Colleague: 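Take this structure first; my questions come after.
Quantities reported herein were computed from a predicted structural model and do not represent experimental measurements. Only this structure's heavy atoms are used, side chains among them; waters, hydrogens and symmetry mates stay out.
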Amino acid sequence: MLLEARDVSATANGRRLVNGVSLSVAAGDRLAIIGPNGAGKTTLLRMLCGALQPSTGEVLLSGRRLDRITPAERALNMAVVGQTDQPDPRLALIDYVELGRVPHAGMRRLREDRDIVVVALRRTGLLPLLGRSIGSLSGGERQRAQLARAIAQEPKILFLDEPTNHLDPRARGELLELVAGFGMSVVAVLHDLALVAPFATRVAVMNEARLHALAPPREALTEKLIRDVFGIDVFRLRHPTEDRELTVFDVPAPPRHPEPTFHAPKEPCLVKRLALSFVLSLFTSATFAFPVTVDSCGKKLTFAAPPKRAVIHDLNMAEMAFALKLQPSIVGLTGITGWYKVGPEFKAEQGSIPELAPKYPTLENLVAVEPDFFFAGWYYGMKPGGEVTPDTLAPHGIKTLVLTESCVHLDKNRPAASMDLLYGDVEKLGKIFGKEAEADKLVSGWKAQLAAITAKVGSAKGTRVFLYDSGEDKPFTAGKFAIPSAMITAAGGDNVMADMETSWGTTDWETVAARNPQFLILLDYQDGGGYRKLLEFLKAHPAMKETDAVKNERFVALRYAELTPGPANIEAIGKIAKAMHPEAF
């Protein structure tokens, strides 16, 4: 067991703050400590991380008493993000995060420390803010900076004391989703009950200094317990349009006076206006094809007419829309400049279309421009359970087409990646916007280009290929359901990580090295060192430097838009094939 508390208690001024609590945390557990104010949550957390000595009982870390482990050794195993952490606002962000390396002083070279810090900044989405000071960051960014420092510490267990305090609702969910993605053990004190079930694997409910319950969220957050401990009601309702459950927390209130009845004013001309609009619309050729229905991750999406106020997320999806000349119907883009450098060609296609948010959009960002359509994907602008999803947009009259490659995040029974991920989404866009002929022409042209490439490659197939996106401790790469697997196959290669049951994810260097890739695809984020820093890292890695691809420096560098579903995929396949099989071109 990684962490264990045995009958721990804490007393202050004769008052028992925590009374006889026993619990354990295994590797990979995410334990949420909840309870009303004054229940002993923070006191318990402080005893678990060693900041407070229990009055009675003991805390064990990997079987050893925590009070007998030196602070220096604890710091190698534990990281704490507290409520009152106030870093010097004059500190540079990278210098603050680098403080997480202090416990490892003398154990690593400076360059390795800096690489770990860069990974921490990337994982928390702060790498673009590298040159900023702590004082210039927003509240949410400062909270992520504290997480980055904790990640850079490389702990086995992370302690968080009310990490979502002072954050807006969207940022709270995103922060905990980010933490859950770290894969490490976490103990967190949480106040917002709505965040507990999506985040925690187990819940410790504190009440009046005692451990009231310790169980998985579904078992811990019962109607009776919530009423007894918090004095509020919890309702579990069926979602009106999806086969899932909604949990609603409600504070009982006294009966209110009936609300006045609202009667909509009569508009005698409304029917005439609608009829006139309909007659006029018949003169546009696209209208004759409507209504149309397309599939969006297994759900039917029906359009009575082409969208007129679309918002498109991310570089690759924007390029799909631009390929179909949908600019007149687009009122905004999201998720472009916060992640990538765009070239003059993209800027020319974008024209006067505004960017509503540089990274993930908020619900407010989207609703403000009154869109009727949103094209995005899971982890391409939307996160399951987040603020912006098809379900949260629907009440605002916004229909969402989900990028097909991303459907695997909610449906594990998807087929392995093929180029249909690109073709199908472009055909759907064409159908939705009344441009089926244009979409068919694009897809036919791409298929012809691809056929010409595969004809040149001929029988020269089976080259072992590894795609390296990022990550030093563990490489982030493309798996079975990501479009690069299909692109590699089309170029005459085999993705060595095609058996990863995900689209994009992490693996370990030992597995990659054991499969001895012969060719590399390096993702060029165009962020200073670009792909060169990836190559230099591989050449220095003790296992990877012995692989054929690294020894022979056989690689091609590709941009983000070339490796995510979009029009750039076809030319990228040609680049891969030409670099992998130069004799065929």
Colleague: For Leu175 and Gln143, which heavy atoms make the closest approach, and how far apart are they?
Modeller: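 Minimum heavy-atom contact is CD2-CG, 3.8 Å.
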Colleague: Does a salt bridge link Lys539 with Glu536, judged by any charged N lying under 4.0 Å from a carboxylate O?
Modeller: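 Salt bridge between Lys539 and Glu536, a charged N being under 4.0 Å from a carboxylate O: yes.
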Colleague: On the 0 to 90° scale, with breaks at 30° and 60°, tag the Tyr360-His313 ring pair as parallel, tilted or perpendicular.
Modeller: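 Tyr360 and His313: perpendicular rings.
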Colleague: Taking all heavy atoms of Ser24 and all of Asp29, pick out the closest pair and write down the distance.
Modeller: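 Taking Ser24 first and Asp29 second, the nearest heavy atoms are O-OD2, 4.5 Å.
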Colleague: Please confirm whether the backbone N or O of Asn516 pairs with a side-chain atom of Arg464, one donor and one acceptor, at under 3.5 Å?
Modeller: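 It does hold such a pair.
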Colleague: Quick one: list whatever passes side chain to side chain donor-acceptor pair (under 3.5 Å) with Thr56, sequence neighbours left out.
Modeller: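 In terms of side chain to side chain donor-acceptor pair (under 3.5 Å), with neighbours along the sequence ignored, Thr56 is linked to Ser9.
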Colleague: Do you know which two heavy atoms are closest between Gly40 and Val18, and how far apart they sit?
Modeller: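 In terms of heavy atoms, the two residues are closest at O-CG2, 3.6 Å.
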Colleague: Do side-chain atoms of Gln153 reach the backbone of Met78 as a donor and acceptor pair under 3.5 angstrom?
Modeller: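 Such a contact is found between Gln153 side chain and Met78 backbone.
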Colleague: Under 30°, 30 to 60°, or over 60°: which ring-plane class applies to Tyr560 and Tyr380, parallel, tilted or perpendicular?
Modeller: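 Aromatic pair Tyr560/Tyr380 classed tilted.
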Colleague: Tell me whether Glu364 at atom CD has more than 12 heavy atoms from other residues, nucleotides or ligands lying less than 6.0 Å away.
Modeller: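 No.
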Colleague: Does the Arg210 side chain pair with the main chain of Gly20, one donor and one acceptor, at a distance under 3.5 Å?
Modeller: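 Side chain of Arg210 to backbone of Gly20: no pair is present.
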Colleague: Classify the ring geometry between Tyr531 and Phe555 as parallel (under 30°), tilted (30 to 60°) or perpendicular (over 60°).
Modeller: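 Judged by the thresholds at 30° and 60°, the geometry between Tyr531 and Phe555 is tilted.
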Colleague: Look at the side chain of Ser185 and the backbone N and O of Ile157, then say whether any donor-acceptor pair between them is shorter than 3.5 Å.
Modeller: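 Looks like no, no N/O pair under 3.5 Å.
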Colleague: Take Thr11 and Arg16 through the test side-chain hydrogen bond (donor to acceptor under 3.5 Å, both in side chains) and record every step on the way to the result.
Modeller: CA-CA 4 Å; Thr11 304; Arg16 188 59 63 94; 3.1 Å; yes
Colleague: Might you point out which heavy atoms bring Leu535 and Glu553 nearest each other, and give the distance in Å?
Modeller: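 Nearest heavy atoms, Leu535 then Glu553: CD2-OE1, 4.1 Å.
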Colleague: Flag yes if more than 12 heavy atoms outside Glu223 fall under 6.0 Å of its CD atom; otherwise flag no.
Modeller: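 Check passes, neighbour count above 12.
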Colleague: In terms of heavy-atom contacts, does NZ of Lys412 have more than 12 from other residues, nucleotides or ligands at under 6.0 Å?
Modeller: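 Atom NZ in Lys412 is crowded, with more than 12 foreign heavy atoms closer than 6.0 Å.
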Colleague: Is Arg30 close enough and on-axis enough to Phe199, meaning under 6.0 Å and within 45°, for cation-pi?
Modeller: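 Here Arg30 passes the 6.0 Å and 45° test against Phe199.
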Colleague: Please confirm whether the backbone N or O of Cys407 pairs with a side-chain atom of Arg414, one donor and one acceptor, at under 3.5 Å?
Modeller: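 Answer holds: no.
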Colleague: Check whether any side-chain N or O of Asn495 sits under 3.5 Å from a backbone N or O of Lys480 as a donor-acceptor pair, and report yes or no.
Modeller: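 The answer is no, because no donor-acceptor pair under 3.5 Å joins these two groups.
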Colleague: Apply side chain to side chain contact (heavy atoms under 4.5 Å, CB included) to Pro54 and list each qualifying residue two or more places apart in sequence or on a separate chain.
Modeller: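 If we apply the side chain to side chain contact (heavy atoms under 4.5 Å, CB included) test to Pro54, skipping adjacent residues, the hits are Val8, Met47, Val59.
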Colleague: If you count every heavy atom of other residues, nucleotides or ligands that lies below 6.0 Å from Lys156 atom NZ, does the total exceed 12?
Modeller: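 No, NZ of Lys156 has 12 or fewer neighbouring heavy atoms, counting only those of other groups under 6.0 Å.
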Colleague: Just grab all the salt bridge (charged side-chain N to carboxylate O under 4.0 Å, His left out) pairs involving residues 133-142, residues at least two apart or on different chains.
Modeller: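 Found Arg132-Glu141.
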Colleague: Below 4.0 angstrom, N of the basic side chain to O of the carboxylate: do Glu174 and Lys359 qualify?
Modeller: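 A salt bridge is absent here (no side-chain N lies under 4.0 Å from a carboxylate O).
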Colleague: Over 60° means perpendicular and under 30° means parallel, so tell me whether Trp509 and Phe466 are parallel, tilted or perpendicular.
Modeller: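 Rings of Trp509 and Phe466: perpendicular, over 60°.
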Colleague: Given 3.5 Å as the limit, does a donor-acceptor pair link the side chain of Arg123 with the main chain of Phe182, or not?
Modeller: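 Pair found, side chain donor or acceptor close to backbone of Phe182.
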Colleague: What's the shortest heavy-atom distance between Leu214 and Ser22, and which atoms?
Modeller: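 The pair with the smallest heavy-atom distance is CD2-O, 4.3 Å.
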Colleague: So that I can tick it off, tell me whether Asp499 and Arg515 are bridged by a salt bridge, with the cut-off set at under 4.0 angstrom between side-chain N and carboxylate O.
Modeller: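 Salt bridge between Arg515 and Asp499, a charged N being under 4.0 Å from a carboxylate O: yes.
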